[in-house]
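Please read the structure below before turning to the comments.
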Amino acid sequence: MDISDIRREHLRRLCDLHGGQRQLADKTDSNPNYFSQILTGIRNLGPGVARRIERRLGLPSGSMDTPLKLGSDVESIAASLTLVPEIPWDEVGRLKVVSKKNEETRASYPSAKASASSFALRVTGDVMENHAGGRTYQDGCIIIVDPEVSALPSDRVVVRMPDQRVMFRQLVEDGGERYLKPLNPRYPVQPLPADAEIIGVVVQTIIDG
């Protein structure tokens with residue numbers, strides 16, 4: 001089995017684990033048609049895409065190039081899941097409160113991509129609904145936020161503003177300046193204040209219920 005076959009088999013397993021090609025493509029900022037071409041043998045999965053999949057899913061670097069151990073990989077992935085606590089929006093940024101959470105009174109969500117300091121938030125409103133197509137965050141969905149991930153342009157981030165408001169937006173950059181962009185065009189784009197704090201990057205979305 002050569003490297004192309006190894007990556008293809010990993011991709012097939014990951015598609016099964018994450019609910020299909022489209023769902024995996026959305027989670028890894030990839031094209032589902034590209035995944036389809038790989039799985040049918042029309043194309044090979046290149047090293048750049050393999051590394052991006054690993055980063056987006058929180059997998060060890062190079063794991064897409066490592067032959068699968070049949071019968072044990074799904075169990076290993078399941079064992080590596082982190083339970084992420086859901087917190088109220090008014091606790092965002094107060095990570096000591098999260099780390100001392102009462103496990104029995106908070107909802108928790110499994111994640112293969114989150115660090116131990118991650119937390120979950122329930123989206124409210126339609127600011128991050130994408131009516132043009134593509135990734136969207138509807139009222140009531142769950143986002144997993146990881147404070148240990150460095151924010152890059154195009155990332156979805158949770159930000160605490162200077163007036164202590166907490167916002168969920170897409171981080172964009174233009175002409176060296178950074179902005180907070182709603183996915184819903186009904187709401188305005190606004191500059192990211194110099195004294196605002198990016199609390200964390202959204203690494204996963206969960207439709208709960």
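Start at 1 with the first residue, then count along the sequence.
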Which side-chain N or O atoms in residues 179-196 pair as donor and acceptor under 3.5 Å with protein atoms at least two apart or in another chain?
from, atom 1, to, atom 2, distance (Å)
N184, OD1, R186, N, 3.0
N184, ND2, D126, O, 3.0
N184, ND2, H131, NE2, 3.3
R186, NH1, D126, OD2, 2.8
Y187, OH, D126, OD1, 2.5

message: Show, in sequence, the C-alpha distance, side-chain angles and deciding distance for D5 and R8, and conclude whether the salt bridge (Lys or Arg N to Asp or Glu O under 4.0 Å) test is met.
response: CA-CA 5 Å; D5 293 329; R8 184 175 293 112; 3.2 Å; yes
Can you tell me how far [atom2] of [Y] sits from [atom1] of [X], rounded to the nearest 0.5 angstrom?
{"X": "D139", "Y": "T124", "atom1": "CG", "atom2": "OG1", "result": "6.5 Å"}
{"X": "T28", "Y": "E54", "atom1": "OG1", "atom2": "CD", "result": "11.5 Å"}
{"X": "R169", "Y": "Y137", "atom1": "CZ", "atom2": "OH", "result": "13.0 Å"}
{"X": "S63", "Y": "I6", "atom1": "OG", "atom2": "CD1", "result": "12.0 Å"}
{"X": "D29", "Y": "R55", "atom1": "CG", "atom2": "CZ", "result": "10.0 Å"}
{"X": "N44", "Y": "I38", "atom1": "CG", "atom2": "CD1", "result": "8.0 Å"}

Compare all side-chain heavy atoms of [X] with those of [Y] and state whether any distance is below 4.5 angstrom.
{"X": "H18", "Y": "L57", "result": "yes"}
{"X": "L45", "Y": "H10", "result": "no"}
{"X": "V158", "Y": "I143", "result": "yes"}
{"X": "F35", "Y": "L14", "result": "no"}
{"X": "V92", "Y": "F168", "result": "no"}
{"X": "R178", "Y": "L171", "result": "yes"}
{"X": "I87", "Y": "L121", "result": "yes"}

query: Take atom CZ in R22; do more than 12 heavy atoms of anything else shown fall under 6.0 Å from it?
result: no
message: Does R51, at its CZ atom, have more than 12 non-hydrogen atoms belonging to other residues, nucleotides or ligands within less than 6.0 Å?
response: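 More than 12 heavy atoms, drawn from other residues, nucleotides or ligands, come within 6.0 Å of this atom.
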Using modelled atom types only, decide if a donor and an acceptor are shared between the side chain of [X] and the backbone of [Y] within a distance under 3.5 Å.
{"X": "E129", "Y": "T136", "result": "no"}
{"X": "W89", "Y": "V123", "result": "no"}
{"X": "Q21", "Y": "C15", "result": "no"}

- prompt: Cluster question for you: counting only ILVMFWY and a side-chain heavy-atom cut-off of under 4.5 Å, with indirect links fine, are V203 and I198 together?
  reply: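 Both belong to a single hydrophobic cluster.
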message: Is there a path of hydrophobic side-chain contacts, each under 4.5 Å between heavy atoms of I/L/V/M/F/W/Y residues, joining V172 to M167?
response: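 Shared cluster, no.
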- prompt: Yes or no on side chain to side chain contact (heavy atoms under 4.5 Å, CB included) for L39 and R12, after CA distance, side-chain angles and deciding distance?
  reply: CA-CA 7 Å; L39 294 174; R12 184 172 289 111; 3.9 Å; yes
task: Please report the shortest heavy-atom distance between R52 and S30, naming the atom on each side.
output: NH2-OG, 2.9 Å
statement: In terms of heavy-atom contacts, A50 and M64 come closest through O-CG, 3.8 Å
message: Among V84, V201, V202, V157, which residue satisfies the side chain to side chain contact (heavy atoms under 4.5 Å, CB included) criterion with V145?
response: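 Option passing the side chain to side chain contact (heavy atoms under 4.5 Å, CB included) with V145: V202.
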- line: Exactly one candidate in T66, D2, D65 meets side chain to side chain donor-acceptor pair (under 3.5 Å) with R7; the answer is D65
Qualifying salt bridge (Lys or Arg N to Asp or Glu O under 4.0 Å) pairs, either residue in residues 149-159, two or more places apart: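 For residues 149-159: R56-D155.
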